[in-house]
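Before any comments, here is the structure.
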Amino acid sequence: MILYVFFHSLDDSISVSHSVFSLVLDVHTKHMDTVIKILATIEADNPGLEPLDLVIGLRKAAGIETPFIQNYFGPLSDDSRSTTLVLKPEISRLITSGIKHEVTGLGLEEGVVLTGDGFTVALTPLLLGLEAGLRSTSPRRVRGLYPLTLTNTLVRSFLHHSQSDPSTSSRVGTAGCWNSVKDPQEFTLSGVASLATDALVNGGMDGAILGKRLAETANSRPVKLSSFLKRYYNHQLTEAGLDSAPKLISQRRRTNFQKLVNLPLLRKQVARSLSTVQKLDKTIRQLKMEKKNMEEIVNQGLDEFIHAYIDCPPIVSRCMWEARPYKGTPTMLKLPLSYLYIHHTYEPSKPCLTFADCSRDMRSMQRYHQDSNGWDDIGYSFVAGSDGNIYEGRGWNWQGAHTKGYNSKGYGVSFIGDYTSSLPSKSAMDLVRNQLAKCATGGGRLVSNYIIHGHRQLVSTSCPGNAFYTEIRGWPNFREV
């Protein structure tokens with residue numbers, strides 16, 4: 001099926017041209033909102049276009065086709081649904097250059113976009129997951145869903161890392177920073193890129209989650225792909241935060257992925273991908289490694305992936321909330337630590353519900369701590385928002401300024417809001433007491449029998465608020481001084 005965009009009259013030409021002109025203003029802004037607007041424009045210009053035709057057409061226009069993809073979907077040239085989207089040049093250029101994933105020699109990661117929840121997503125694994133779900137006729141068996149979205153990428157990254165200098169590269173999860181969060185145009189990786197960057201993993205998880213949902217709703221699939229993605233990426237939380245939010249939203253990415261792929265299934269899918277990669281990837285065959293060694297390397301890498309993306313919560317890095325530089329030279333902590341100190345910010349007094357609002361609160365606290373208190377940086381080690389994220393303060397390795405006299409002994413974790421007479425959302429509390437604590441103990445940063453104290457137990461203060469202090473006294477690791 002070939003789709004053309006015609007201008008039937010002067011009025012039509014003006015209308016469509018105005019639509020394209022508005023997109024030109026956003027064409028360099030690499031945000032999921034831009035992608036959704038472009039999809040909506042293509043759908044509007046091509047009435048009756050089915051979601052599967054749109055996804056296949058995008059993949060064809062972007063040149064996304066490998067032997068591994070063909071193993072599951074077949075060649076695009078043989079696909080009866082292969083769609084040629086004839087588009088205005090402005091949109092066409094964005095599709096051909098903005099979807100396919102690539103890491104340049106300068107460390108720029110292409111084919112990625114910033115999402116409203118504060119994380120960066122690669123579009124290729126997302127589209128492949130959507131296509132797998134749309135092609136499926138059975139929710140129980142979605143051909144190629146896991147290998148195309150994630151497990152193939154993980155296997156190749158683990159094996160590639162085994163042949164590299166481990167001190168200069170990572171098995172999984174290379175993160176990065178945008179040139180501007182408000183107007184994201186360039187995403188620069190922090191260090192030597194693994195073959196499974198953070199954006200590829202996020203895009204892979206989203207592709208698997210959404211592909212599975214599309215397969216489960218084969219009889220009631222969305223008419224427009226743009227609307228389906230908009231509901232997932234642009235949901236606005238209410239005052240209850242994630243506690244009352246729908247299940248299928250990007251803020252629940254890690255939770256949904258964990259529920260979708262239990263650990264035995266994930267290991268099984270990774271083992272299958274290893275077998276397929278060995279057959280189809282020449283570079284892997286050239287390694288000439290014994291099968292037993294490959295399996296051991298892949299299992300070690302998978303354990304690292306599970307810790308980073310299932311045990312640990314989503315942590316927004318300093319560059320993503322646009323932190324100021326640290327003043328002076330930070331004092332390094334001697335790990336593992338023995339304590340977790342719980343705070344509330346008091347000011348800001350209201351819980352933050354979006355990445356944008358929580359980032360603004362982080363910047364406000366950092367300004368106050370540096371400019372008014374004269375501290376080197378924001379005092380807290382980490383801060384919990386009500387948007388589903390943990391925000392990096394001084395982080396795992398730098399000593400904080402949160403609990404006077406005890407900063408070298410534990411991490412200071414604060415919850416945004418005043419919890420004198422109310423509690424943080426359950427989801428925010430779970431992020432800290434379950435996921436962040438597990439992340440710390442599993443990563444060797446906190447001892448397994450760590451102790452939780454409220455700020456007021458060690459310093460003359462009402463922090464973390466009467467209501468919240470009463471709550472944490474019931475947490476398993478809480479101890480009296």
Side-chain angles (χ1 to χ4, degrees), residues 1-6 16 19-20 23-24 27 30 32 34-103 109-113 121-137 142-150 152-153 199-200 203-204 206-208 210-211 214-215 221-229 276 280-281:
M1 178 171 62
I2 300 177
L3 301 174
Y4 295 92
V5 178
F6 292 103
V16 177
S19 174
V20 171
L23 286 171
V24 171
V27 76
K30 295 180 180 179
M32 185 59 74
T34 304
V35 175
I36 293 172
K37 288 177 184 178
I38 288 173
L39 294 180
T41 299
I42 295 173
E43 290 164 339
D45 289 344
N46 301 278
L49 178 66
E50 295 184 11
L52 179 55
D53 296 325
L54 175 55
V55 172
I56 295 175
L58 290 172
R59 184 161 67 86
K60 184 176 182 180
I64 302 172
E65 186 171 28
T66 66
F68 197 81
I69 296 173
Q70 291 176 351
N71 184 61
Y72 297 96
F73 294 159
L76 279 171
S77 58
D78 296 342
D79 196 324
S80 60
R81 302 194 66 133
S82 182
T83 306
T84 300
L85 302 173
V86 179
L87 306 164
K88 295 292 289 183
E90 293 85 352
I91 297 178
S92 180
R93 280 195 296 270
L94 180 62
I95 292 172
T96 54
S97 64
I99 294 179
K100 191 172 183 178
H101 184 266
E102 180 186 5
V103 176
E109 190 170 13
E110 303 288 355
V112 300
V113 294
V121 168
L123 295 174
T124 294
L126 171 62
L127 287 177
L128 291 174
L130 294 172
E131 185 173 343
L134 290 166
R135 285 180 180 271
S136 174
T137 57
V142 187
R143 179 171 170 76
L145 179 64
Y146 300 118
L148 289 173
T149 55
L150 189 59
N152 166 54
T153 299
L200 280 171
D206 284 350
L210 296 177
L214 290 171
R221 285 173 179 165
V223 177
K224 293 184 178 181
L225 190 63
S226 60
S227 300
F228 179 67
L229 294 178
T276 306
L280 299 178
D281 193 322

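- Rounding to the nearest 0.5 Å gives a distance of 12.0 Å between CG of Leu150 and CG of Leu128.
- Here CG of Leu229 is found 6.0 Å from CG of Leu126. Values are rounded to the nearest 0.5 Å.
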Carefully, step by step, assess Leu39 and Lys224 under the rule side-chain contact (heavy atoms from CB on, under 4.5 Å).
CA-CA 9 Å; Leu39 294 180; Lys224 293 184 178 181; over 6 Å; no
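- Note that CG of Leu58 is 5.0 Å distant from CD1 of Ile99, once rounded to the nearest 0.5 Å.
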Q.
For a salt bridge (charged side-chain N to carboxylate O under 4.0 Å, His left out) check, start with the C-alpha distance between Glu65 and Arg59, then their side-chain angles and the critical distance, and finish with the verdict.
A. CA-CA 8 Å; Glu65 186 171 28; Arg59 184 161 67 86; 5.1 Å; no
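- Of the inter-residue distances, the one linking Asn71 atom CG with Leu148 atom CG reads 8.5 Å to the nearest 0.5 angstrom.
- Side-chain contact check for Thr276 versus Asn152: every heavy-atom pair is 4.5 Å or farther apart.
- The CZ atom of Phe228 lies 6.5 Å from the CG atom of Leu130; values are rounded to the nearest 0.5 Å.
- Taking Glu109 as the reference, nothing meets the salt bridge (Lys or Arg N to Asp or Glu O under 4.0 Å) condition, with sequence neighbours excluded.
- Atom CG of residue Leu52 and atom CD1 of residue Ile56 lie 4.0 Å apart, to the nearest 0.5 angstrom.
- For Thr66, the side-chain contact (heavy atoms from CB on, under 4.5 Å) partners two or more places apart in sequence, or in a different chain, are Phe68, Ile69.
- Counting only heavy atoms from C-beta outward, the side chains of Lys30 and Val112 never approach each other to under 4.5 Å.
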